[in-house]
Amino acid sequence: MIELRDVSKTVMSGTEPLTILHPLRLSVSRGQFLAILGPSGSGKSTLLGLIAGLDAPTSGQVVIDGVDITRLGEDALARLRGEKIGFVFQFFHLIPSLTAYENVAVPMEIAGAPDPRTRAERLLEEVGLTGRAHHYPSQLSGGEQQRVAIARALANDPPIVLADEPTGNLDSTNGRHIMELLRDIHRTRHTTVVLVTHDAELAALADLRLVLRDGRVVEGAGAAP
Ligand code: ADP
Ligand code: MG
């Protein structure tokens, strides 16, 4: 479902090239759950951004569901992302002027998805938020906001969900509940999940683990060729 072939990322830091991700290979099959671990600054978000096609690699290919996304133009890439990938962020990224329900329904309406209202209601139910649907993000706890963000990420029923430290801004109880929710989604929807986390205990729930340090895989799936 996700394949990285000798993917690397080098950026210019002033006048010097700086390699923030050294060439790595990675293969995640349909329905697998991969956890990416590593200290702050080790390249985890960079790697997730490359998988999502939000950023282009300096070398190598990123293949999503059989399509080499490094060869796609902007429009085709945006379409593929919309169809195949749901993204969950550490800081939720909800629209503050929209209710929980609207945060889920409005992107579906804009995309012209069929029956956005019923689907938004069902998604909020799936993430356990039925009673809070008409609250604004500021009226919700961090854990509840992240549930809304997860419902939104699932709106197009994507085969892949990417989550960048989704529990990083939550207390341990709420973090645990969000992790259980992601695990339930993985199990019931057979979604391919890639989760970036600092928490080794949470990562233990995954099928595959990859540990990054200074832009290199030091342990697990995808160790340097
Ligand atoms: P992590 O998510 O593991 O904390 P990141 O992938 O965000 O790490 O960043 C890895 C390293 O690359 C960090 O040292 C960061 O400062 C650096 N970095 C990320 N993006 C850029 C960029 N566009 N230009 C320069 N340095 C960057
Ligand atoms: Mg990061």
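Ligands are counted one by one from 1 in listed order, and the atoms in each one are counted from 1 as well. Basis for what follows: all heavy atoms, side chains included, without hydrogens, waters or symmetry-related copies.
Counting atoms of ligand 1 from 1 in the listed order, those under 4.0 Å from a heavy atom of Pro39 are 3 (O). Of all the atoms in ligand 1, the ones that sit under 4.0 Å from a non-hydrogen atom of Thr46 are 5 (P), 6 (O), 9 (O). Atom numbering of ligand 1 starts at 1 in the shown order; those under 4.0 Å from a heavy atom of Ser42 are 1 (P), 3 (O), 8 (O).
Each protein N, O or S atom less than 2.8 Å from the Mg ion (ligand 2) was counted, giving 1.
With respect to atom 25 (C) of ligand 1, the closest heavy atom belonging to the protein is Val11 CG2, 3.4 Å. Scanning all protein heavy atoms for the shortest distance to atom 7 (O) of ligand 1 gives Ser45 CB, 3.7 Å. Scanning all protein heavy atoms for the shortest distance to atom 8 (O) of ligand 1 gives Gly43 N, 3.2 Å. Among protein heavy atoms, the minimum distance from atom 10 (C) of ligand 1 is reached at Gly41 O, 3.4 Å.
In this structure, CZ on Arg5 lies 12.0 Å from CG on Leu26, to the nearest 0.5 angstrom. The CZ atom of Arg117 sits 5.5 Å away from atom CD of Glu109, with the distance rounded to the nearest 0.5 Å.
Nearest heavy atom pair, residue Glu102 against residue Pro107, reads O-CD, 3.8 Å. The two residues Ala203 and Thr197 have their closest heavy-atom pair at CB-CG2, 4.1 Å.
The N/O atoms of Ile20, backbone and side chain alike, include none that comes under 3.5 Å of an N/O atom in ligand 1. Considering backbone and side-chain atoms alike, Glu165 places every N or O at 3.5 Å or more from each N or O of ligand 1.
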Margin query: Between Ser8 and Ser59, does the side chain to side chain donor-acceptor pair (under 3.5 Å) criterion hold? Intermediate values first, please.
Written below: CA-CA 5 Å; Ser8 73; Ser59 67; 2.6 Å; yes
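Put simply, part of Ser40 is less than 4.0 Å from ligand 1, judged by heavy atoms. Using a 4.0 Å heavy-atom cutoff, Ser13 is absent from the residues neighbouring ligand 1. Not a single heavy atom of Gly49 sits under 4.0 Å from any atom of ligand 1.
Atom 17 (C) of ligand 1 lies below 4.0 Å from at least one non-hydrogen atom of the protein.
A heavy-atom distance below 4.5 Å is not found between the side chains of Thr191 and Ile160. Proximity of Val67 to Lys84: side-chain heavy atoms (C-beta onward) are nowhere separated by under 4.5 Å. The shortest side-chain heavy-atom distance between Asn156 and Glu83 does not fall under the 4.5 Å cut-off. Side-chain contact between Ile150 and Ile178: present, with at least one pair of heavy atoms (C-beta onward) separated by less than 4.5 Å.
A donor-acceptor pair is defined here as one N or O able to donate and one able to accept, closer than 3.5 Å; such a pair exists between the side chain of Arg119 and the backbone of Ala155.
Hydrophobic clustering of Ile, Leu, Val, Met, Phe, Trp and Tyr side chains at less than 4.5 Å, counting indirect connections, keeps Leu98 apart from Val148.
The aromatic rings of His134 and Tyr101 lie tilted to each other, with the angle between the two planes from 30° to 60°.
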